[in-house]
Amino acid sequence: MATKQEMIDGMEFVRAQAKRVAGLIDPGDWDLNRPQGWTPKEMFAHVAVTAATIPAMGAGLLAAPENVELTSGLDIGALNEQGVSSLRAVPVEQVLEALDNNYVKLIDWTKGLNDEQLAGKKTFLTMTMPGSDLLMTLTVMHAVHHVYEAGLRVAI
């Protein structure tokens, strides 16, 4: 089970890596699709929106019983597209600022979680795990994947 401090440290790592990777992307490459179909800008937007969504939805996620599939009835693809499209038309700098600001707020929210919320088992995409591991997966592991993928110098 991920500890609160591990989650916070991971979120700080995401902030640092997002800044580092963004600095490696050539200005003309922000709108070039990567192999999975999103541009670097869209990937950073996705990470930013996810970070903003967790505090808004987190209390409900963490209160759900273990036997409730948290993604039941959700079209994750449509949800992702809705989030990305909300930042698609803004300048890259604004997307990067949103990502950083949303992670600051996410870290503050995480600091307020209690041991019961972190330890409670949750089911997400058929996998059952402690709430802290779900949050670590959604806000750190998932984010690092997209940030690094955005920095790949491979376009389609």
Side-chain angles (χ1 to χ4, degrees), residues 1-25 34 36-38 40-88 90 92-152:
M1 180 176 116
T3 67
K4 189 185 304 187
Q5 191 59 53
E6 288 170 337
M7 290 188 304
I8 292 167
D9 291 346
M11 292 171 196
E12 290 290 1
F13 180 76
V14 170
R15 290 179 68 211
Q17 292 307 300
K19 290 174 186 173
R20 184 187 70 75
V21 171
L24 299 174
I25 299 172
R34 296 307 195 235
Q36 86 303 341
W38 275 348
K41 181 180 170 183
E42 290 168 331
M43 284 186 254
F44 276 77
H46 174 61
V47 171
V49 170
T50 300
T53 302
I54 296 299
M57 294 177 51
L61 292 174
L62 294 175
E66 176 181 344
N67 64 338
V68 171
E69 169 57 63
L70 296 173
T71 59
S72 181
L74 279 179
D75 181 341
I76 294 176
L79 186 64
N80 287 341
E81 177 55 30
Q82 181 182 12
V84 168
S85 68
S86 72
L87 292 174
R88 195 171 272 132
V90 304
V92 169
E93 295 75 20
Q94 191 173 336
V95 172
L96 299 175
E97 184 178 316
L99 188 153
D100 195 59
N101 289 340
N102 291 348
Y103 264 86
V104 169
K105 292 173 189 171
L106 177 61
I107 290 166
D108 287 343
W109 177 81
T110 301
K111 289 177 181 177
L113 297 175
N114 64 47
D115 291 341
E116 185 178 325
Q117 290 171 306
L118 298 175
K121 299 280 187 183
K122 306 298 161 209
T123 302
F124 184 82
L125 297 174
T126 72
M127 298 176 290
T128 301
M129 64 190 85
S132 66
D133 287 351
L134 173 60
L135 292 174
M136 180 69 102
T137 299
L138 294 173
T139 64
V140 178
M141 307 306 287
H142 169 252
V144 168
H145 163 74
H146 283 301
V147 166
Y148 284 173
E149 193 171 40
L152 293 176

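All of these numbers come straight from a predicted model, not from anything done at the bench. Numbering starts at 1 and runs along the sequence shown.
Here the CD-OG distance, from Gln117 to Ser132, works out to 11.5 Å after rounding to the nearest 0.5 Å. A distance of 10.0 Å separates CE of Met136 from CD1 of Ile8, quoted to the nearest 0.5 Å. Here the CE atom belonging to Met11 is positioned 10.5 Å from the CG atom belonging to Asp108, to the nearest 0.5 angstrom. Taking CH2 of Trp109 as the reference point, atom OG1 of Thr139 lies at 8.5 Å (rounded to 0.5 Å). Put simply, NZ on Lys105 and CG on Asp100 are 11.0 Å apart, with the number rounded to the nearest 0.5 Å.
In this structure a side-chain-to-backbone donor-acceptor pair under 3.5 Å is present from Arg34 to Leu152. Not a single donor-acceptor pair under 3.5 Å links the side chain of Thr123 to the backbone N or O of Thr128. Between the side chain of Glu69 and the main chain of Thr126, a donor-acceptor pair closer than 3.5 Å is present. Looking at Tyr103, its side chain never comes within 3.5 Å of a backbone N or O of Phe13 through a donor-acceptor pair. Side chain of Lys122 to main chain of Ala64: a donor-acceptor pair is present (N/O by atom type, distance under 3.5 Å, no hydrogens or angles). The main-chain N or O of Ala48 is found under 3.5 Å from a side-chain atom of Asn102 such that the two form a donor-acceptor pair.
The heavy-atom pair separating Met7 from Ala2 by the smallest distance is CG-CB, 4.1 Å. Across every non-hydrogen atom of Ser86 and Gly83, the tightest pair is OG-O, 2.5 Å. The two atoms that bring Leu70 and Phe124 nearest to each other are CB-CD1, 4.2 Å, heavy atoms only. Across all their heavy atoms, Met1 and Ala119 have their closest contact at SD-CA, 3.6 Å. The two residues Leu113 and Leu62 make their nearest non-hydrogen contact at CD2-CD1, 3.7 Å. Nearest approach of Lys41 to Val92, heavy atoms of both residues: CD-CG2, 3.9 Å.
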Is there a side chain to side chain contact (heavy atoms under 4.5 Å, CB included) between Thr137 and Met127 once you walk through the steps?
CA-CA 12 Å; Thr137 299; Met127 298 176 290; over 6 Å; no

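Screening Thr110, Ile54, Leu61, Val140 against Leu135 for a side chain to side chain contact (heavy atoms under 4.5 Å, CB included) leaves a single residue, Ile54.
Crowding of Met57 atom CE: a count of heavy atoms from other residues, nucleotides or ligands under 6.0 Å not exceeding 12. For Asp9, the CG atom sits in a packed shell: over 12 heavy atoms of surrounding residues, nucleotides or ligands are nearer than 6.0 Å. By the 6.0 Å contact criterion, CD on Gln5 is enclosed, its count of non-hydrogen atoms from other residues, nucleotides or ligands being greater than 12.
Looking at Gln82 and Leu79, their side chains come closer than 4.5 Å, going by heavy atoms from C-beta outward. Contact annotation: the side chain of Phe44 approaches that of Val21 to within less than 4.5 Å [non-hydrogen atoms, C-beta and beyond]. Contact annotation: the side chain of Lys4 approaches that of Leu118 to within less than 4.5 Å [non-hydrogen atoms, C-beta and beyond]. Between Val95 and Val90, some side-chain heavy-atom pair lies under the 4.5 Å cut-off.
Ring geometry for His46 versus His146: interplanar angle over 60°, hence perpendicular rather than tilted (30 to 60°).
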